[in-house]
Amino acid sequence: MSAVSLPRSPQRLRRALLGAACLMAAGVARAARPAVLLRLSHVVAPDTPKGQMAQRFQALVHQRAGGRIRVEVHPDSSLWGDDDEMEALRLGAVEMLAPSLSKFGMAGVPEFEVFDLPYLFADLAQVRRVTQGDVGRELLQRLGRQQMLGLGFLDNGFKQMSAPRPLRAPSDYRGLRVRVQASRVLGEQMRALGAQAVVLPFAETQRALATGVVDAAENPLSNFLTQGLAALQPHLTLTQHGYLGYAVVTHPRFWASLSPGDRELLEAALAEALAHGNRLAAALDAQALATLQRTPDLQVHSLAADERATLRRHLQPVFDGFQRSFGPSLLRDVQRAVDGRS
Ligand code: SIN
C-alpha cells in the first residue's frame, strides 16, 4: 500500500483538492484518460467481504466497459479514512464508498444506528430480510438527506470481543477502554457494561491497541484477523453481540453525470459484486475463525447459552433506550422484517 500522507481535516482536504484541480487545469495530467473514473475507497483489507466485493465490482466493470470506465479500488484507508471519506465524497474527491452502517449516524442519518442494537439479529438470514426488503430500500432513500445515494447493502458479520482477558460475564468488561466506531448505540453499549468507549477511526485501532491507548475492541472475525489484532489481543470471546455491515454509497451529482448506459452497467456490476460479497461473508467468517483457533498465543472462548443470555439481559436497557429515540415505527418495521412478518 502506498504510504501517502493524506489531509485529515476538512480545511486541509479542501486545500488539497484545490491544488489538485489547479494542476489538472494547468494541463499537467495529460495521459489518456478513460471517460469515467470511479474511485472506490474503503478502510478494510482486500481479503474481507468488502475488499472482495470491491475487487469483483472492478473486474466486472473493466470486463464490460471496454476501457471507457476505470474503477480504482483503494483499500485499507489508503485514499480516505473514516474521518474524511464522507466529506471527500461530497467534494468529488472519491466517487464510491462502503462505510459500515454504524458510521452513517454521525453523518446525519441516525436511523442507521438501529443496526448496532445489541442482539437485534440472530443470524445473517434475519439481517437480509431487513436489508434486502422494503425497510432496507427506505433506509437507503434516507441517505439522500445527506447528499448520498445509497446503492445497496453488504454483510460482514457478527462482532466478537477481544481483550487482555476473557469476557464471559458483564463484570469482566469493567474498567476496559474499548475502541468503538462513532455510533451512539455502540458507546452506550460499552458504558452499560462498565467499560469506557473510545471512538477511533478503524485505521488507528491496531496502533491504539499496540500502544495501550485502548485495551479491547469489537470486530467481526475477518477484520480482527486481517488487521493482525490476534498478535495484540490474547483473548477473543465469541459474544456475537452485534452486527456489522455496509451500505455502498455514491454522490447523486456523480451518478447524474453518467450516461444512462454507463449507469446501467455500473448498477448491474455492483448488484453482482454485492451478491458475491454477501455469499462470501459467512465463508470468510468461518475461515477466519478456523485460522484464529489455530493461532498460537490467542485463546478463543465460546460463551455458554446462559452466559450469552446474561450479557443480552445486561444490554437490554440500551436496546429499550434507543427504541424510544428511533421513534416507534423504525424498530417495529425492522423487527417485523426480522421475524419474516413483512
Ligand atoms: C469496516 O469494516 O469497514 C470497519 C469497521 C470498523 O470501523 O470497525
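Atoms within a ligand are numbered from 1 in the order they appear, just like the ligands themselves.
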Check: What is the ring orientation for Y243 with F115, classed by angle as parallel under 30°, tilted 30 to 60°, or perpendicular over 60°?
Finding: tilted
Next item on the list: Measure the acute angle between the ring planes of F104 and F112, then classify it against the limits of 30° and 60° as parallel, tilted or perpendicular.
Entry: tilted
Check: Between E138 and R142, does at least one N-O distance fall below 4.0 Å, as a salt bridge requires?
Finding: yes
Checklist line | Point-to-point distance, once rounded to the nearest 0.5 Å, from OG of S41 to CG of D76 | finding: 10.0 Å
Checklist line | Residue of the set Q160, R168, M161, E307 for which side-chain contact (heavy atoms from CB on, under 4.5 Å) holds with H301 | finding: R168
Check: Below 4.5 Å, heavy atoms only, C-beta onward: do L331 and L120 meet side chain to side chain?
Finding: yes
Pairs under 3.5 Å, nitrogen or oxygen of ligand 1 with protein nitrogen or oxygen:
residue: ligand 1; atom: 2 (O); partner: N223; partner atom: ND2; Å: 2.9
residue: ligand 1; atom: 2 (O); partner: Y246; partner atom: OH; Å: 2.5
residue: ligand 1; atom: 3 (O); partner: K50; partner atom: NZ; Å: 2.6
residue: ligand 1; atom: 7 (O); partner: K103; partner atom: NZ; Å: 2.7
residue: ligand 1; atom: 7 (O); partner: R179; partner atom: NH1; Å: 3.4
residue: ligand 1; atom: 7 (O); partner: R179; partner atom: NH2; Å: 3.0
residue: ligand 1; atom: 8 (O); partner: R179; partner atom: NH1; Å: 2.7

